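Here's the structure, in structure tokens; my notes come after.
These numbers come from a predicted model, not from an experiment. Every chain is numbered from 1 and lettered A, B, ... according to where its sequence line falls, protein lines coming before strand lines. All values below were derived from every heavy atom in this structure, side-chain atoms included, with hydrogens, water molecules and symmetry-related copies excluded.
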Amino acid sequence: MNEIPLLHILFVSTALFFIGMYGFFTRRNIITMLMSIELILNSVNINFVAFNKYLYPDKLDGLFFAIFIIAIAAAEAAVAIAIIINLYRSHSSIDVEDADELKF
Amino acid sequence: MIEEIARTEQGDMVINLGPQHPATHGVLHLVITLNGETIKKVEPHLGYIHRSIEKMCECLSYRQFIYVTSRMDYLSSHINNHGSALCVEKGMQIEVPSRAKVIRVIMDELTRIASHELWWGAMAMDTGAFTPFFYAFRERETITDIMEETCGARLTMNYIVPGGVMADLHPDFQKKVKEFIKLFRAKTDEYNELVTGNVIFQNRMKGVGVLSKEDAISYGCTGPSARGSGVSCDIRKLYPYEVYDQVKFEEVIENGCDSFARYLVRIREMYQSIGIIEQLIDNIPEGDFQAKTKAVLKLPKGEFYSRVETARGELGVYIVSEGATTPYRIKFRSPGFSNLSALDHMARGSKIGDLVAMMGTLDLVIPDIDR
Amino acid sequence: MWSLSNIAGITQTWLNATFNPTIALWSEFVIVGVLVIALFAVLGLGLVYMERKVAAHIQIRLGPNRVGPMGIFQTTADTVKLIMKEGLTPDGSDHFLFNLAPFVVMIAAMLVLAPIAFAKNFQIWDINIGVLYVSAVSSISVIGILMAGWASNNKYSLLGAMRSGAQIVSYELSVGLSIISIVVLSGSLQLSDIIASQQDGWWIFKGHIPVIIAFVIFIIAVTAETNRAPFDLAEAESELTAGFHTEYSGMKFALFFLAEYINIFIVCAIGATLFFGGWMPLHIGNWQGFNQVMDYIPSSVWFISKTLFLIFLIMWFRWTFPRLRIDQLLNLEWKYLLPISMVNLLLITVMAIMKWHF
Amino acid sequence: MGPSSLLVLIMAAVAFSAGGIAIAKILVKGTKNPQKGQPYECGIPTVGKTWIQFNVGYYLFALIFLIFDVELVFLYPWAVVVKQVGWPALIDIGVFLFILFLGFLYAHKKGALKWM
Amino acid sequence: MTPGEYIKNIVNGVKSLLTGMKLTGYYFMHPKEIITEQYPETRPVLSERFRGEVVMSHDEKNEHRCTGCTACELACPNGTIKIITKFETSPEGKKKKALDTFIYHLELCTMCNLCIVACPTDAIKMAQNFEHSVYDRNQLTKVLNKPGSKLMEGVE
Amino acid sequence: MSQLENKSQNSFPGEVHPVPGGDVVLTRLDDVINWARSNSLWPLTFATSCCGIELMSVASSKYDFSRFGFEVARASARQADVIIIAGTIVNKMAPVLKRLYDQMPDPKYVIAMGACAISGGPFFYNTYSVVKGADHVIPVDVYIAGCPPRPEALLNSLITLQQKIKSGYTREQIKAG
Amino acid sequence: MTNDELKIKLTGLFPSVTFEEGGEWVNAVVPFTEWKTIAQQFRNDPNLKCDYLFCLTCVDWKTHLTMVYHLTSTVFRHNMVIKIKLDRSNPEIETVCDTWRTAELLEREVYEMFGVKFLHHPDLRRLILTDDFEGFPLRKDFEDPVNMIKL
Amino acid sequence: MTANQIIFYLISALVLGSGVLAVTTQKIFRSAIWLLFSLIGIAGMFFWMDMNFIAAVQIIVYVGGIVVLIIFSIFLTQQSGNQMAKPVRNRVLFSTLAVLFGFAFTFMLINQHRFSASSDKLVEPSISNIGMRMLGSGEQGYVLPFEVVSILLLAAMIGCIVIAIKSRPEEK
Ligand code: SF4
Ligand code: SF4
Ligand code: SF4
């Protein structure tokens with residue numbers, strides 16, 4: 001396990017973060033944007049767990065943070081998708097370009 | 001097909017159910033418009049087993065055409081033969097010997113039971129229970145064995161001929177029928193245990209496929225399908241033929257109007273049929289089994305209509321004769337055709353699973369519809 | 001004593017003694033791999049055969065009896081045939097996902113095998129989160145089904161997949177809650193611990209009525225989760241021809257078929273482990289003599305027979321009941337099973353804290 | 001065996017499935033015809049597109065499921081220690097479940113759990 | 001729904017399910033209820049009247065009773081029977097119509113029994129043979145009179 | 001049984017056509033494969049009319065075609081091995097039948113059950129809509145006459161089909177003799 | 001009601017109706033122009049209440065077509081037969097599927113078998129025959145040398 | 001390289017590769033599937049780090065929940081077989097540059113930082129430890145967040161239902 005330096009893990013998480021960013025920038029579809037956000041959140045999760053593992057093996061806070069992030073991500077995803085579907089029903093499109101005027 | 005696409009709205013899905021589909025019991029083709037899982041419209045497309053029987057019969061003599069009728073509603077082939085023979089007899093004014101009459105009625109009722117047994121199994125299969133099918137066929141097999149012994153075939157009997165029946169009863173007939181009655185009484189309780197009382201089944205059936213009394217009449221539904229909606233339409237009671245006016249039986253009517261009511265009608269009808277057989281089986285009069293008829297039958301000019309009650313409802317045979325040896329025009333008023341026309345009305349707003357169960361309770365036999 | 005764990009131990013020591021560690025490790029991997037594949041095949045063949053025989057006997061007929069004695073090679077013939085059948089990929093489908101879906105389902109089924117204790121000390125990986133792992137990994141298979149249904153480009157498949165998606169996720173809750181009830185009682189997620197906690201009696205006996213309720217809920221919910229009748233809406237034959245695998249043929253179809261039976265085996269194995277003590281022989285309190293007699297029966301036999309019993313139960317359901325409609329199915333979960341199992345969980349907690357169980 | 005067994009299992013599954021499919025690919029020569037690739041719909045050409053969006057009542061269930069799923073996740077660690085902690089744990093989880101149950105009741109009342 | 005009804009629903013539901021399971025369980029436990037007959041090993045005893053195929057009976061002298069009157073051909077509703085007649089000169093020198101070939105299309109036959117009823121000399125009858133599976137449909141077209149057979153004495 | 005064997009011998013006169021690539025291993029393998037295929041014929045649930053009822057009877061407890069391993073009736077053509085054409089094929093149904101057959105993966109077999117499927121049977125003359133024999137639409141392997149054939153007769157045809165598969169000859173080879 | 005009473009009643013109600021002899025039931029011949037209103041009256045008249053159309057068909061008499069409607073009242077249980085003569089070259093008649101809903105499919109069948117056009121029918125399409133079928137098979141002069149093998 | 005390393009790099013490749021595919025694929029359903037693989041990879045990484053619990057949570061919530069939900073919403077809103085609208089070329093260029101630059105910058109910062117482990121004591125991340133912490137109220141106790149999460153979930157649920165019911169088409 002410790003044969004892998006922390007840096008490599010951080011590389012993965014950072015890369016994942018920016019992949020998510022890229023998706024967030026380029027996608028025009030709200031659902032895919034949501035997916036990008038999930039990627040970003042996950043990259044953060046990796047960091048938390050890795051820090052916990054490598055730097056603070058005597059504590060479990062990183063793990064707890066990750067759990068709470070997952071919980072919140074779930075809640076967020078649920079609400080987001082409810083909104084998306086609502087949006088779709090009123091605009092019959094989920095392209096961000098079309099949904100500029102977000103009025104409910 | 002293209003019109004169908006045009007007619008569907010956004011978000012609707014058009015699904016073909018059939019012609020090859022286990023639930024359609026043959027080759028019915030239903031085009032279903034779905035919204036999610038909710039049915040918006042059901043459109044029957046027929047003709048996948050249209051065998052031009054009516055045209056064929058115009059070339060067949062009055063003795064010959066009867067065999068074709070047993071291929072129409074093959075589950076009550078006997079009753080179909082009966083109806084056709086009645087029509088010819090009406091035209092020729094043949095008096096059928098009373099022994100033949102009783103034999104015909106017993107056979108009719110056996111056929112009806114066999115048909116209902118099969119319906120019961122198939123209907124349970126439609127709702128997803130496989131085992132009842134096998135139990136139903138166990139009883140049905142005994143009936144077909146009885147049939148085979150006397151009539152010579154298991155399904156398409158062609159036993160009734162104008163003027164009587166083709167052959168006398170087999171010597172073992174009465175014994176076997178009595179055995180069957182015993183078996184039937186012993187085994188049908190299982191039907192209720194296994195299916196009728198089952199909570200899942202009841203939930204699938206109750207309140208589903210509602211067909212009100214007025215609609216049932218307007219759609220021309222007959223048979224158990226209509227009697228489940230409280231319509232009294234049993235030809236055996238209303239226009240008795242053969243010896244039906246001499247036996248005691250009750251016209252089964254349920255007022256539930258839903259699938260469960262139709263289900264119950266058929267279950268109860270089986271008991272009525274058994275009752276009829278019990279009354280007759282010991283009182284088969286001696287005598288001829290066939291009236292003396294000419295070798296070549298010629299119906300006088302005119303129009304003849306006979307009605308019998310098949311397992312699915314009222315079968316009408318309408319013969320227009322020009323005085324030749326073959327009918328000029330023959331029309332079979334098939335019960336399934338009218339019952340099917342009510343399907344769209346019943347199915348709207350329910351689920352696919354309901355549709356399948358509904359078709360089960362209508363007890364469709366497709367060759368009977370297409371002819 | 002010939003027991004599975006001994007054989008495993010001997011093999012391992014032998015391997016380690018004969019080869020250097022790397023090769024020993026690799027050969028161990030290979031052995032495990034081959035064993036699980038064999039297990040898969042045997043389970044698939046055996047369970048399908050069993051299903052057909054059970055169905056036949058319930059339906060007062062004989063079932064396969066002409067291929068081999070008692071027809072035991074029937075399923076072998078089926079498998080060989082399925083392998084030797086053309087595997088179609090419909091033109092309009094999403095080829096990549098269409099071919100991927102069976103793999104996903106298979107991998108999910110295979111992964112769940114890891115923590116299952118087939119006999120005393122005979123486990124692939126006694127993972128410390130045992131049952132949590134099981135319920136996590138088994139939830140992957142729903143993705144496989146959705147994938148299959150969507151990629152087929154077929155309306156029946158799509159409908160079937162959506163149905164099964166909604167169904168599986170819903171029933172996962174009840175399964176989870178009834179698993180948690182046992183976790184509360186045994187205080188561990190690790191399967192070996194859970195089994196050990198049933199040393200003096202199985203939970204189904206020790207836990208009074210609440211555990212029996214939990215068991216009933218469990219068995220209903222896993223029946224639904226494995227898409228078995230009366231919850232087989234995903235492949236409801238009389239409605240959606242063959243549901244999500246309408247378009248699959250040959251080996252790809254066989255994989256779905258196989259995965260279904262493996263999943264049944266797995267959930268039943270988990271059920272047997274949680275409620276019937278896994279490989280633990282039937283022990284009653286402190287009846288020493290009785291317990292010792294029971295110990296003579298090998299642990300694997302205990303495990304297998306308990307699992308088979310549960311499998312039989314599920315098959316029994318299938319061949320008795322009509323199918324539910326989709327809204328009734330979801331109603332059953334959300335209106336009945338979920339609230340009941342929640343309340344039941346609280347009851348069991350109280351019981352556990354008060355030490356009311358035996 | 002440790003976590004690496006997972007890898008072994010995955011490999012085994014892949015080998016098994018791929019092997020089976022490959023045998024069929026190699027040994028079985030199927031005939032080709034234009035109808036073979038079309039979707040199977042009871043022997044009738046499909047009407048309209050399959051991949052249309054359509055209304056399903058399933059997604060509300062999935063939404064609510066997700067929430068409960070998270071709840072379930074929190075229940076696992078709790079369940080393990082509840083015997084050691086005793087009553088306080090019961091109270092904690094009681095509050096937790098109660099709050100969620102409120103949500104459940106709300107959903108029920110609003111008819112979100114009714115099939116549409 | 002009151003809690004009471006709720007519980008009653010559940011209890012009744014479970015009870016009805018258990019009744020069903022009891023029944024299927026009974027059959028599972030009682031293999032003697034199995035009614036399967038194993039076909040290729042045990043062939044069924046068919047009743048005399050079973051209509052499997054039309055045959056022409058020949059006696060040991062290879063004689064049949066068919067006069068070639070074509071009554072059966074006319075009676076048959078779907079042209080299953082084709083009778084080819086020839087003229088035979090009887091010993092007295094009278095020319096007489098006689099049967100040459102009795103062609104029977106088994107693939108068309110509906111086993112309706114009309115030909116048997118129509119035959120004035122009972123030359124043909126129904127056999128109880130039902131194993132007609134073949135690889136080629138031409139094999140189903142049969143000639144019923146055996147080669148070299150002739151009309152039985154005394155049959156008019 | 002002996003009668004059956006006779007029949008199959010009669011229908012394969014002439015020399016034996018070796019299966020392409022038939023060295024020892026492959027032929028052994030072929031034997032195994034043919035054995036498997038012949039013993040696991042999954043029918044498509046395809047019944048158009050009266051003969052379908054007898055098809056159902058064959059499935060029922062008394063005749064029970066599951067003894068041969070045929071009971072896995074598939075509703076989807078993709079998983080079926082054999083179509084039992086039970087009933088009349090009319091002009092409107094013919095394309096459907098063809099399509100179903102086409103959509104089945106190889107190898108696939110066809111049994112024509114009953115007079116209708118063989119030749120149009122009772123509806124041969126004077127009808128404008130009946131296909132005069134299913135073999136006008138798709139190739140047929142085994143014909144079983146009757147109207148409807150008894151359940152045993154259908155079993156008999158299934159056994160005949162099994163023998164055909166076991167012998168390893170294709171339809172063309174049998175035709176060619 | 002016996003047949004004679006029915007006849008009297010009908011003549012009173014619809015003067016344009018004539019009767020045909022023969023058959024067990026009243027055979028009323030109706031001019032096709034008035035059919036729509038007469039049909040509704042049959043259905044709704046409190047003394048007739050013929051709410052059940054149990055057979056609808058057509059007969060080709062080579063010179064003309066005859067539509068035949070068999071009606072029953074589920075209240076009074078009397079049966080009657082309505083006949084309407086139609087022109088053979090261009091048969092047209094008002095639909096009755098709003099009066100008796102079973103007529104919808106039955107009329108579609110007659111439409112493709114005899115070529116009778118039902119005016120105002122909501123959905124007059126092919127029901128049974130294939131889409132490219134030509135001719136009206138139940139007419140007497142129908143010939144189909146390809147499919148039909150004459151015995 | 002030891003097996004452990006190989007496994008790590010394999011997992012990383014899976015995570016990053018399918019991550020990239022998830023944000024670039026033009027078919028939305030496939031995009032969701034790639035996301036799924038990326039998430040499973042991350043779970044695998046947690047397994048690799050011996051954080052079994054969090055790995056299982058990751059799979060349960062993400063794979064069993066969120067991805068399923070996303071797939072359902074795709075069914076609900078998309079002609080899912082179609083290609084999605086292509087992103088504007090300029091924007092692709094711009095975001096690629098920005099992302100690359102951002103990545104380089106961040107990674108440089110991380111690279112310069114010297115991480116050092118704070119202690120060598122090891123707390124087994126076992127489930128009972130997690131459970132004890134979760135129900136503990138002292139230092140490192142998470143009982144309060146735990147209860148708060150329930151309120152969050154309640155709020156989310158009510159929110160979802162309110163929003164979803166609002167848009168529900170009229171029932172027949
Ligand atoms: S049984 Fe019927 S169909 Fe067969 S040959 Fe005789 S008359 Fe013709
Ligand atoms: S079989 Fe009988 S009816 Fe037919 S030709 Fe011969 S004698 Fe005449
Ligand atoms: S062969 Fe006879 S029984 Fe079979 S479908 Fe045709 S008419 Fe019906």
Side-chain angles (χ1 to χ4, degrees), chain B residues 16 18-29 45-60 64 67-68 70-75 77 114-115 118 121-122 125 130-131 133-138 140-142 144-145 148 153-156 158 365-368 370-371, chain F residues 44-64 66 71 73-77 80 83 85-97 99-101 103 114-116 120-131 146-153:
Chain B
N16 292 309
Q20 185 269 319
H21 191 283
T24 52
H25 300 279
V27 283
L28 180 60
H29 177 197
H45 285 208
L46 302 177
Y48 289 93
I49 189 69
H50 174 65
R51 300 184 282 197
S52 41
I53 285 179
E54 286 173 12
K55 184 84 178 171
M56 257 182 94
C57 290
E58 289 174 15
C59 308
L60 293 176
Q64 290 173 339
Y67 94 97
V68 193
S70 43
R71 271 87 185 162
M72 263 165 32
D73 180 353
Y74 40 77
L75 287 183
S77 62
S115 166
L118 189 130
M125 192 112 109
F130 294 90
T131 307
F133 173 81
F134 293 89
Y135 296 169
F137 260 76
R138 171 187 51 192
R140 190 176 177 275
E141 277 304 325
T142 46
T144 42
D145 282 351
E148 187 186 351
R154 290 161 47 87
L155 192 67
T156 49
N158 199 36
V365 167
I366 314 303
D368 170 44
D370 279 355
R371 277 153 289 139
Chain F
L44 179 74
T45 48
F46 182 82
T48 58
S49 52
C50 355
C51 281
I53 301 301
E54 289 303 61
L55 181 57
M56 282 161 96
S57 300
V58 177
S60 76
S61 323
K62 184 154 174 203
Y63 304 102
D64 189 23
S66 75
E71 88 271 38
R74 302 306 308 177
S76 161
I83 299 189
I85 308 171
T88 326
I89 301 298
V90 301
N91 285 342
K92 196 171 179 180
M93 193 65 190
V96 179
L97 177 63
R99 192 183 164 91
L100 286 173
Y101 180 74
Q103 290 194 337
C116 286
F123 310 100
F124 188 78
Y125 294 103
N126 298 323
T127 61
Y128 51 84
S129 61
V130 174
V131 174
C147 182
R150 286 185 65 84
E152 286 99 348

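For the pair Tyr125(F) and Met56(B), the minimum side-chain heavy-atom distance is 4.5 Å or more. Contact check for Cys147(F) versus Arg71(B): side-chain heavy atoms found under the 4.5 Å cut-off.
For a residue to count as touching a neighbouring chain, one of its non-hydrogen atoms must lie under 4.5 Å from one of that chain's; by this rule Glu148(B) touches chain F with the side chain only. Contacts between Phe133(B) and chain F at a heavy-atom distance below 4.5 Å involve the side chain alone, from C-beta outward. Using a 4.5 Å cut-off between heavy atoms, Leu155(B) contacts chain F through its side chain alone, with no backbone atom that close. With a 4.5 angstrom heavy-atom cutoff, Arg138(B) does not touch chain F via any of its atoms. For Val68(B), the part lying under 4.5 angstrom from a heavy atom of chain F is the side chain only.
Scored by the ring pair (Phe, Tyr, Trp, His ring centres under 6.0 Å) test, Tyr135(B) finds Tyr27(E) as partners (sequence neighbours excluded).
Residues Thr88(F) and Arg51(B) have side chains that bring a donor and an acceptor to within less than 3.5 angstrom of each other.
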Apply salt bridge (Lys or Arg N to Asp or Glu O under 4.0 Å) to the pair Lys62(F) and Asp145(B), showing each step before the final yes or no.
CA-CA 12 Å; Lys62(F) 184 154 174 203; Asp145(B) 282 351; 2.9 Å; yes
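Top candidate by heavy-atom pairs under 4.5 Å with chain B, chosen from Ser61(F), Pro151(F), Ser49(F), is Ser49(F). Among Cys50(F), Ser60(F), Ala59(F), the residue making the largest number of heavy-atom pairs under 4.5 Å with chain B is Cys50(F).
Side chain of Thr127(F) to main chain of Ser52(B): no donor-acceptor pair is present (N/O by atom type, distance under 3.5 Å, no hydrogens or angles).
Taken to the nearest 0.5 Å, the CZ atom of Phe134(B) stands 10.0 Å off from the CE atom of Met56(F). Of the inter-residue distances, the one linking Thr48(F) atom OG1 with Asp370(B) atom CG reads 10.5 Å to the nearest 0.5 angstrom.
For an aromatic pair to be called close, the ring centres must be under 6.0 Å apart, and Phe123(F) with His50(B) fails this.
Contact detail for Met93(F) and Tyr48(B): the closest heavy-atom pair is CB-O, 3.5 Å.
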